[in-house]
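Following: one structure in structure tokens, then a few remarks.
Values in this document were obtained by computation on a predicted structure and should not be read as measured data. Heavy-atom basis, side chains included; hydrogens, waters and symmetry copies ignored. Along the sequence shown, residues are numbered consecutively beginning with 1.
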Amino acid sequence: MSHRIAFLASDAPAAQTALATLTALYGNHPLPGATHIVALGGDGFMLQTLHKTQSRDLPVYGMNCGTIGFLMNAYGIDNLHQRLEEAEETVVNPLTMRAETADGGVEYGLAINEISMLRSGPQAAKLRISVDGRVRMEELVCDGALVATPAGSTAYNYSAHGPIVPIGSDVLALTAIAAFRPRRWRGALLPKSAVVRFDVLEAEKRPVRADADSISVPNVLAVEIRLDPKIRHRILFDEGHGLEERLLREHSPNRAKITRRFVSQ
């Protein structure tokens with residue numbers, strides 16, 4: 001089957017070379033007439049592509065021209081139409097962020113991987129955590145905290161010792177970053193319908209910024225996070241190398257088992 005492919009590439013030299021090669025072989029259709037998008041770059045460019053094209057409801061197939069490439073497939077110039085035909089599709093819903101800032105403004109953002117709260121000054125952040133309107137932790141002293149989707153659970157969340165969340169598990173990971181008090185508190189698993197709110201305590205003395213993928217909002221006072229099931233990102237993976245399989249590979253024998261822990265005091 002022939003596909004109308006729109007190639008998008010990062011500015012990296014390897015991605016630009018791949019763009020020229022693949023365009024010569026397969027053409028490069030404008031987005032309005034395309035049936036598939038092929039993103040050439042690394043994971044960061046893949047996230048940018050998903051955000052920029054989310055209104056088109058087109059499947060996006062990534063080819064790794066970057067470093068890690070967790071969301072990407074191996075780069076190759078042969079049999080691209082067949083690879084697209086046989087690819088496995090994973091649907092990912094993003095998180096939405098509503099951030100109230102110290103200057104009285106409100107900023108919004110979307111994140112496919114995670115939304116994180118990060119200290120901006122030399123002192124640790126102090127955060128109050130509420131879930132579905134109920135305060136679950138009066139004070140978390142930390143470098144930060146994040147809420148991650150299953151797709152993003154192997155990114156920053158994993159580096160912060162959060163759990164790897166299987167695709168389709170209908171949960172979100174709430175993870176602390178370098179928690180000081182409560183000592184060694186790692187976080188919790190929450191139902192995907194949960195609305196998480198972070199309130200920044202002593203905001204002038206302990207400034208905090210909020211990051212939603214590539215969007216960064218400084219000097220936040222409060223951030224509300226929830227999953228948006230109405231937005232669908234369709235990601236394609238080579239047969240047998242889907243996102244679920246990649247998540248399973250990230251488990252090591254030494255990692256603690258995932259348990260359904262919910263926030264509690």
Side-chain angles (χ1 to χ4, degrees), residues 43-44 47 68 70 94-102 107 109-131 135-165 171-190 192 194-227 247 250-252 254-265:
D43 283 341
L47 292 176
I68 298 175
F70 185 79
L95 297 167
T96 65
M97 173 182 74
R98 182 185 184 277
E100 302 171 16
T101 59
E107 300 284 343
L110 291 173
I112 296 165
N113 276 352
E114 78 280 320
I115 294 173
S116 55
M117 306 283 288
L118 300 168
R119 76 175 193 180
S120 300
Q123 293 185 299
K126 285 188 177 181
L127 305 174
R128 181 169 60 238
I129 303 175
S130 303
V131 179
V135 175
R136 292 293 188 172
M137 184 166 290
E138 288 287 353
E139 183 179 281
L140 172 65
V141 183
C142 57
D143 279 354
L146 61 84
V147 177
T149 66
S153 65
T154 58
Y156 194 6
N157 173 72
Y158 189 22
S159 298
H161 306 290
I164 295 176
V165 182
V171 296
L172 303 173
L174 169 60
T175 300
I177 302 169
F180 174 71
R181 189 180 299 117
R183 183 75 71 180
R184 297 189 181 90
W185 186 77
R186 294 288 177 82
L189 293 179
L190 303 173
K192 70 176 185 179
V195 179
V196 181
R197 179 183 172 94
F198 295 106
D199 286 284
V200 179
L201 308 179
E202 303 177 24
E204 290 188 8
K205 180 181 178 182
R206 304 169 186 270
V208 171
R209 79 172 192 268
D211 288 352
D213 285 350
S214 61
I215 299 171
S216 186
V217 182
N219 299 317
V220 295
L221 299 181
V223 173
E224 191 171 273
I225 301 166
R226 69 182 73 202
L227 195 74
L247 289 171
E250 290 293 327
H251 287 282
S252 71
N254 296 324
R255 281 190 64 84
K257 293 181 180 180
I258 291 179
T259 57
R260 286 182 176 268
R261 295 173 289 126
F262 292 86
V263 177
S264 62
Q265 290 183 283

Among E202, E204, E138, which residue satisfies the salt bridge (charged side-chain N to carboxylate O under 4.0 Å, His left out) criterion with K126? E202
Taking only residues at least two apart or on different chains, which pairs with a member in residues 142-157 satisfy salt bridge (charged side-chain N to carboxylate O under 4.0 Å, His left out)? R119-D143
Check whether any side-chain heavy atom of T101 lies under 4.5 Å from a side-chain heavy atom of E107, and answer yes or no. yes
Tightest non-hydrogen contact, residues V217 and M97, listed as CG2-CE, 3.9 Å
Enter the distance from L110:CG to L95:CG here, rounded to the nearest 0.5 Å. 9.0 Å
Have S216 and D211 got a donor and an acceptor in their side chains that come within less than 3.5 Å? yes
All heavy atoms of N219 vs all of P207, minimum pair found to be OD1-CB, 3.9 Å
For N157 and G152, the nearest pair of non-hydrogen atoms, with its separation, is CB-O, 4.0 Å
Could you walk me through whether L227 and L172 satisfy the side chain to side chain contact (heavy atoms under 4.5 Å, CB included) test, starting with their C-alpha distance in whole Å, then the side-chain angles of each, then the deciding distance to 0.1 Å, before giving a yes or no? CA-CA 9 Å; L227 195 74; L172 303 173; 4.2 Å; yes
Can you tell if the side chain of I177 reaches within under 4.5 Å of the side chain of L118, non-hydrogen atoms only? yes
CD-OH distance between E114 and Y156, expressed to the nearest 0.5 angstrom: 8.0 Å
Give me the atom names and distance for the closest heavy-atom approach of G144 to L127. C-CD1, 4.5 Å
State, yes or no, whether a side-chain contact exists between I129 and L140 at a heavy-atom distance under 4.5 Å. yes
Any D213 side-chain heavy atom under 4.5 Å of N113 side chain: yes
Counting only N and O atoms by type, is there a donor-acceptor contact under 3.5 Å from the side chain of T96 to the main-chain atoms of R226? yes
Pairing of E224 and R98 as salt bridge, 4.0 angstrom limit: no
Check this for me: does any side-chain nitrogen of one of R197 and E100 sit under 4.0 Å from a carboxylate oxygen of the other? yes
I'd like to know if the side chain of D43 reaches the main chain of F70, judged simply by a donor and an acceptor atom lying under 3.5 Å from each other, with no hydrogens or angles considered. yes
So do M117 and V220 actually touch side chain to side chain, heavy atoms under 4.5 Å? yes
Close side-chain approach of V165 to L189, heavy-atom, < 4.5 Å: yes
When every non-hydrogen atom of R206 is compared with those of V200, the smallest separation belongs to O-CG1, 3.9 Å
Could you please spell out the steps behind the side chain to side chain contact (heavy atoms under 4.5 Å, CB included) verdict for L174 and F198? CA-CA 11 Å; L174 169 60; F198 295 106; 3.6 Å; yes
Heavy-atom closest pair, residues S120 and V208: OG-C, 3.6 Å
Say you draw a straight line from CD of E139 to CG of D199; how long is it, rounded to the nearest 0.5 Å? 12.5 Å
